[in-house]
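Throughout, protein chains are lettered first and strands after them, A, B, ... in sequence-line order, and every chain is numbered starting at 1. Owing to the predicted nature of the structure, the values given are computational and were not obtained by experimental measurement.
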Amino acid sequence: MKELSINEVIPLQGGGKARVKAELGRGGQGIVYLVDVHVKMMALKWYHQHKSEQFRKNIRNLVDYGPPMGDAFLWPRYSTQLIEGHFGYVMDLRPEGYYEFGQYLLNRQRFGSVFAMIQAAMRICDGFQKLHLKGYSYRDLNDGNFFIHPSSGDVLICDNDNVGLDGEHSEIKGKPGYMAPEVVCGGHPDTRSDRFSLAVILFFLFMRGHPLEGKWASSCPCLTEKFERLIYGEKPVFVYDPDNDKNRPDPDVHRNVARCWGLYPERLREQFQQEFSNTCLHNPTERCVEMEWKNVIEHLRDNLVNCPHCGEEIFFNPECKCPECGKPIQPEFFGEIRARKIPFFADKLLFFDNDNTPDAEIKIIDCQMRIVNLSPTAWKATGTDGKSTILMPNHALPLKDATVIESTIHDIDYKLSVIKTTT
Amino acid sequence: MTRNKSIYLLVDTSGSMEGIGMKSLDEVVENVIPRLKSVQSSQPDVKLGIGVIGFGDTAVWITPTSVSVDQWIWQGLESKGFTAMGGALILLHERLAEEDNNASFLSPLILIASDGGPTDEYEQTLAQLHSLDNFKSATRIAIAIGDDADRETLREITGSDTSIFTTDQIDQIINAIENNLYI
């Protein structure tokens with residue numbers, strides 16, 4: 001293999017140059033260097049192995065087509081020229097404060113809050129929705145592809161070198177445990193197998209275990225290729241398949257999943273049961289698109305509140321009882337926006353649209369529950385008397401029953417109706 | 001009384017759509033389908049029917065009759081040749097003319113997706129479409145694929161710049177569709 005030396009200049013496709021400044025890290029595939037490209041510090045991934053012309057062409061295409069919308073992807077910005085048969089690509093540097101998803105699964109890193117974890121789930125889904133809408137598939141989605149900020153839940157998606165036009169032949173199959181059943185059985189990864197891998201990632205994120213690893217999977221004497229194919233490919237059984245209980249989590253072995261499953265609202269559990277049903281496991285076209293996951297995660301976010309008694313983050317439930325301290329909780333107001341119903345508690349952030357930026361916050365100011373406009377645009381609030389007021393950004397409005405708040409975000413109109421709880 | 005609402009999807013299947021353009025559109029359609037099904041289940045008294053026209057060298061009905069939303073499966077389309085957008089408008093005109101005087105049909109939803117501009121005559125047919133009340137009252141949405149889509153022609157069809165979206169504006173596309181479909 002060819003390693004690069006400090007100050008070595010690597011010519012880029014299209015005429016630029018990258019000057020090597022330092023080594024940032026190395027792994028099985030290659031070395032990542034800090035490089036200076038036209039006075040901008042960037043990262044160069046330099047492969048150990050010779051890469052095929054098809055692989056290099058794919059990277060050049062990714063550079064030409066450009067990244068999906070948003071800033072979640074550490075996308076190939078330049079490809080290098082071939083040097084003694086070796087090759088690499090240049091991407092933006094990963095900012096400080098982000099940790100690999102696998103570190104969270106191993107408890108070496110923890111989310112600052114449940115809210116941050118939900119934000120991470122939303123941003124992972126959002127990233128893959130944007131990637132797929134661009135016409136690409138990721139093809140190697142696993143726990144090593146994301147870096148997550150523990151307090152904000154912001155997500156960076158890396159290792160985009162296997163991304164390609166959906167349906168095109170790929171040299172990559174994926175990582176065991178994350179590959180879709182049809183890929184385990186010999187098929188090629190595509191957008192639909194990405195969706196299986198995404199569901200596995202989300203299950204890991206929320207339940208801290210694998211969706212197909214329960215009693216039945218554990219009973220296999222040894223994880224040989226034959227059994228691996230059986231558990232993840234030919235006859236996968238979801239650990240909470242409502243029609244087949246043979247692979248339930250063993251409380252002594254699969255402690256995390258057994259403990260976490262009941263903590264979440266039914267809608268999330270139902271979505272996993274649907275996505276890992278026999279139908280979806282074996283019929284890739286039946287798998288849900290990222291937008292449907294985003295709706296489910298939005299439901300979680302809407303119902304995540306701080307208990308007014310113990311302060312814990314809990315999911316508001318129809319029993320109106322805090323699962324942590326056991327005390328009754330009843331919001332004074334709800335908000336209805338489209339088909340969503342959001343309980344209003346103090347310090348609750350509200351998200352009207354899908355950009356993952358909070359648009360409003362519920363605050364107690366002068367002993368009165370108010371809604372604060374966190375969006376950059378003015379709102380129109382209309383009361384039951386028909387009178388309208390304009391609520392400027394960062395201004396607060398006392399909550400009153402039947403007030404209707406109208407706002408426009410990214411050219412979409414939203415109407416939030418405030419409803420006082422009757423006791 | 002059950003009423004009918006047609007959703008017409010006109011898809012550019014010219015050669016330039018092959019690859020990333022068509023894959024991107026596939027993804028838009030796959031995101032739209034669950035929402036259409038959701039609208040249908042909440043409004044059983046309005047029957048949503050899908051008609052798909054592909055236009056490449058010639059315009060053809062891909063989904064020749066209005067298929068119900070629940071039974072519609074999108075399988076993607078092959079792309080090659082020119083951009084017979086005018087031909088697609090002729091097929092659309094034939095169908096809309098049939099619906100125009102039928103009281104059981106609500107104003108339709110028309111979506112057109114293209115990465116280029118027409119390579120055949122389209123102005124005359126577009127003028128004929130504008131003489132139909134149900135075309136004039138239809139919600140007309142365009143999806144401009146890539147950087148080379150002929151936005152001027154798409155604007156002539158939709159009647160407004162604000163009805164032209166790119167594939168990454170999926171939330172706006174769905175919002176425009178749902179605003180039309182929830183009766």
Side-chain angles (χ1 to χ4, degrees), chain A residues 58 61-62 64-70 72-73 125-138 163-168 190-192 194-195 271 274 283-296 298 338-339 351-356 408-415, chain B residues 12 16-39 41-43 70-79 113 115 141 143-148 160-182:
Chain A
N58 187 51
N61 284 343
L62 295 179
D64 290 345
Y65 289 145
M69 284 283 283
F73 288 84
C125 293
D126 191 57
F128 285 96
Q129 182 187 36
K130 288 183 166 121
L131 183 88
H132 291 156
L133 281 167
K134 186 98 177 162
Y136 297 127
S137 54
Y138 192 85
V163 170
L165 188 61
D166 184 41
E168 265 187 359
D190 59 10
T191 299
R192 283 158 179 161
D194 276 358
R195 293 199 176 113
Q271 189 71 24
Q274 184 198 314
N283 298 288
T285 55
E286 297 288 328
R287 292 175 193 148
C288 75
V289 292
E290 292 78 15
M291 182 170 285
E292 293 169 274
W293 272 119
K294 284 168 72 174
N295 290 340
V296 173
E298 183 178 70
R338 302 199 166 197
F351 297 77
F352 294 175
D353 65 323
N354 284 333
D355 68 2
N356 291 318
T408 302
I409 303 167
H410 305 308
D411 300 326
I412 298 177
D413 297 330
Y414 293 91
K415 200 178 273 187
Chain B
D12 185 340
S16 57
M17 281 285 287
E18 190 184 355
I20 198 159
M22 194 54 86
K23 290 295 176 185
S24 186
L25 179 65
D26 283 348
E27 203 55 30
V28 171
V29 176
E30 289 203 11
N31 273 271
V32 166
I33 289 174
R35 306 302 277 256
L36 296 182
K37 288 184 176 173
S38 175
V39 172
S41 66
S42 68
Q43 295 183 148
D70 291 329
Q71 288 164 0
W72 184 40
I73 297 170
W74 174 255
Q75 291 184 312
L77 302 174
E78 275 189 35
S79 357
D115 71 341
I141 297 167
I143 302 168
I145 314 254
D147 298 330
D148 298 326
S160 154
D161 280 327
T162 56
S163 300
I164 305 174
F165 302 100
T166 53
T167 52
D168 46 43
Q169 290 180 292
I170 188 67
D171 291 335
Q172 286 80 359
I173 293 170
I174 285 175
N175 181 60
I177 290 172
E178 288 187 342
N179 280 348
N180 172 266
L181 292 185
Y182 280 109

Please flag which part of B:I174 lies under 4.5 Å from any non-hydrogen atom of chain A: side chain, backbone, both or neither. side chain
Measure distances from [X] to the heavy atoms of chain B and classify the residue's part below 4.5 Å as side chain, backbone, both or neither.
{"X": "A:N295", "answer": "side chain"}
{"X": "A:T285", "answer": "neither"}
{"X": "A:R287", "answer": "neither"}
{"X": "A:I412", "answer": "both"}
{"X": "A:M291", "answer": "both"}

Should the pair A:E292-A:R195 be classified as a salt bridge under the 4.0 Å nitrogen-to-oxygen rule? no
Under a 4.0 Å N-O cut-off, is there an ion pair linking A:K130 with B:D168?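 Result for this pair is no, no salt bridge flagged.
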A:K294 and its side-chain hydrogen bond (donor to acceptor under 3.5 Å, both in side chains) partner, picked from A:D126, A:N356, A:N354: A:D126
Counting only heavy atoms not in B:D147 (residues, nucleotides, ligands), do more than 12 fall under 6.0 Å from its CG? no
Any donor-acceptor pair under 3.5 Å linking the side-chain atoms of B:Q169 with those of B:T166?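 The criterion, which ignores hydrogens and geometry beyond distance, is satisfied for B:Q169 and B:T166.
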